[in-house]
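Values in this document were obtained by computation on a predicted structure and should not be read as measured data. Throughout, numbering of the chain's residues begins at 1 and tracks the sequence.
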Amino acid sequence: MSDSLRIQLIAPSGWPAAESLTRGVARLRQAGHQVTNEDAAKRRYLRFAGTDPERAADINMLADPDQALPDIVMAVRGGYGVHRILDRLDYPGLRKRLTGKPFALVGHSDITALNLALLAKAELITFAGPMLAYDFGGQTTSGFTLEQFWGTLRSSAHVVRWQGSPQQTPVNVMGPLWGGNLAVLCSLLGTPYMPDIRRGILFVEDVFEPTYRIERLLCQLKLSGVLDRQRALVLGDFSGYRADEYDPAYDMRAVVAYIRSITDVPVVTHLPFGHCRNKLTLPVGARARLRVDADGKAELAFAGYPHLAAETASVAQDA
């Protein structure tokens, strides 16, 4: 495969700052890649990067057999806006065009709604990972994020390791890997855009949320039955979480302890993913295996996802 990739931008949520857009596009082009659809990130409508029909059309264009298929579709930024276009997407067309193709759609934050909707309605595996404005267009870039991004997309299987908190009982589970932003994920409960994942490995993250709201969202997953249907809950980065002035001691450690007390599902912490500088790239819907020892040393292996080094998606029997 050539090192030069075709990267098509989409802006299904908010619009980015001009300087971060310029930096991100320039860095990708300097690396030898072709970047298209830059104009989508320059549109403005209320708080969104274009009207609802415009933003939906950027995604539906991928279903058009007369349009060249890019190697990577990269979200410019998150914010809010994907929910407004979920019922405008051509899921049958996207499934027909993209299934089995060496193709990656990547983003996080509000893009979680798109990742999960494409999994639920079109059975497509996409990626929770870096975006143009923050990750590629920041003042500096993260070597860890770039290494994980290209390492995942250019291989048929990937393994990541990190240090979590100690476990009372070691964890060794297999299942579909899925998740994303916690608030966005919970907003899809009860809708046809929420995947019905059972015996999965669920990862979540969030940003600038008070601890009680994080706990309330996790309780929503418990009370809805989603949490107890999983084989593991993996907590990522909760950047800028705020302790409540009413009880400043009620921090994330208290939240984790409480969630562990109300479910038999293992709760694993400190996954390097979320609204943070150093983040993994995770295939949403891929087969995965999670191992965590009593000391909290964690290993997540995943495979069976579309990758750029193959003509068709690899299907692994055991991640």
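Taking the ring centroids of His275 and His108, they lie under the 6.0 Å cut-off. Ring centers of Phe149 and Phe136: under 6.0 Å apart, within the cut-off. Ring centers of Tyr212 and Tyr246: at least 6.0 Å apart, outside the cut-off. His33 and Trp150 have their aromatic ring centers within a separation under 6.0 angstrom.
Other residues, nucleotides and ligands place no more than 12 heavy atoms under 6.0 Å from the CZ atom of Arg253. The neighbour count for Asp196 CG, taken as heavy atoms of other residues, nucleotides or ligands under 6.0 Å away, is above 12. More than 12 heavy atoms of other residues, nucleotides or ligands lie within 6.0 Å of CZ in Phe144, so this atom counts as buried by the packing criterion. Shown here is Tyr258, whose OH atom has no more than 12 heavy atoms of other residues, nucleotides or ligands within 6.0 Å. In Lys222, the NZ atom is crowded: over 12 heavy atoms of neighbouring residues, nucleotides or ligands sit closer than 6.0 Å.
Between Ala303 and Ala157 the shortest heavy-atom distance is CB-CB, 3.7 Å. Gly107 and Ala75 make their closest contact through CA-CB, 4.3 Å (heavy atoms, listed as atom of the first residue, atom of the second, distance). When all heavy atoms of Ala120 and Pro192 are compared, the pair lying nearest together is CB-O, 3.8 Å. Scanning both residues, His307 and Pro102, for their nearest heavy atoms gives O-CB, 3.3 Å. Minimum heavy-atom separation, Asn115 to Ala128: OD1-CA, 4.3 Å. What you find for Phe203 and Phe273 is that their closest heavy atoms are CE1-CE2, 3.7 Å.
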Chi angles and distances behind the side chain to side chain contact (heavy atoms under 4.5 Å, CB included) call for Leu28, Leu132: CA-CA 9 Å; Leu28 289 171; Leu132 182 82; 3.6 Å; yes
Side chain to side chain contact (heavy atoms under 4.5 Å, CB included) between Val234 and Trp162, intermediate numbers included: CA-CA 12 Å; Val234 186; Trp162 72 97; 4.0 Å; yes
Intermediate values then yes/no, side chain to side chain contact (heavy atoms under 4.5 Å, CB included), Ser155 and Tyr305: CA-CA 9 Å; Ser155 61; Tyr305 55 88; 3.6 Å; yes
From CA spacing to verdict: side chain to side chain contact (heavy atoms under 4.5 Å, CB included), Arg287, Phe302: CA-CA 6 Å; Arg287 292 287 303 173; Phe302 42 84; over 6 Å; no
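Asp135 and Thr145 share no side-chain donor-acceptor pair at under 3.5 Å. A donor-acceptor pair shorter than 3.5 Å cannot be found between the side chains of Ser20 and Arg77. Side-chain polar atoms of Asn181 and Ser109 form no donor-acceptor pair below 3.5 angstrom. Inspection of the Asp251 and Thr211 side chains reveals no N or O donor paired with an N or O acceptor under 3.5 Å. Under the 3.5 Å distance criterion, with hydrogens and angles disregarded, a donor-acceptor pair is assigned to the side chains of His83 and Ser187.
Counting heavy atoms from C-beta on, the side chains of Val284 and Leu177 never come closer than 4.5 Å. Residues Ile59 and Pro12 have side chains in contact (heavy-atom distance under 4.5 Å, counting atoms from C-beta outward). Using a 4.5 Å heavy-atom cutoff, the side chains of Leu9 and Asp58 are not in contact. You'll find the side chain of Leu62 stays beyond 4.5 Å of the side chain of Asp64, heavy atoms only. Side-chain contact between Arg43 and Trp15: absent, with no pair of heavy atoms (C-beta onward) separated by less than 4.5 Å. Residues Leu300 and His158 fail the side-chain proximity criterion, which asks for heavy atoms closer than 4.5 Å. Between Leu118 and Glu123, every side-chain heavy-atom pair lies at or beyond the 4.5 Å cut-off. Between Leu116 and Trp178 the shortest side-chain heavy-atom distance falls below 4.5 Å.
For the atom pair CG (Leu308) and CZ (Arg6), the distance works out to 10.0 Å, reported to the nearest 0.5 Å. Here CG of Leu124 is found 10.5 Å from NZ of Lys101. Values are rounded to the nearest 0.5 Å. Taking CZ of Phe238 as the reference point, atom CG of Asp206 lies at 6.5 Å (rounded to 0.5 Å). Put simply, CD1 on Ile111 and CG on Leu105 are 8.0 Å apart, with the number rounded to the nearest 0.5 Å.
At distances below 3.5 Å, at least one donor-acceptor pair connects side-chain atoms of Arg29 with backbone N or O atoms of Val35. Although no hydrogens or angles enter the test, the distance criterion places a donor-acceptor pair under 3.5 Å between the side chain of Asn60 and the main chain of Asp90. In this structure, Asn37 contributes its side chain and Gln8 its backbone to no donor-acceptor pair below 3.5 Å. Here the side chain of Arg88 pairs no donor or acceptor atom with the backbone of Asp52 at under 3.5 angstrom. Looking at Lys96, its side chain never comes within 3.5 Å of a backbone N or O of Gly93 through a donor-acceptor pair. A donor-acceptor distance shorter than 3.5 angstrom exists from the side chain of Gln230 to the backbone of Gly200, with no hydrogens or angles considered. With hydrogens and angles ignored, the 3.5 Å screen pairs no side-chain donor or acceptor of Arg97 with any backbone N or O of Ala63. Between the side chain of Glu38 and the backbone N or O of Leu21, no donor-acceptor pair lies under 3.5 Å. Judged purely by atom type and a 3.5 angstrom limit, Gln148 has no side-chain atom pairing as donor or acceptor with the backbone of Gly129. With Asp110 contributing its side chain and Ser13 its backbone, the two residues share no donor-acceptor pair below 3.5 Å.
Transitive grouping of hydrophobic side chains (ILVMFWY, heavy atoms separated by less than 4.5 Å) brings Leu227 and Leu235 into a common cluster. Linking Ile, Leu, Val, Met, Phe, Trp and Tyr whenever their side-chain heavy atoms come within less than 4.5 Å puts Ile125 and Leu282 in one cluster. Ile262 and Leu217 fall within a single hydrophobic cluster, where Ile, Leu, Val, Met, Phe, Trp and Tyr side chains are chained together by heavy-atom contacts under 4.5 Å.
When Leu218, Ile201, Val226 are each tested for a side chain to side chain contact (heavy atoms under 4.5 Å, CB included) with Leu233, only one passes: Leu218.
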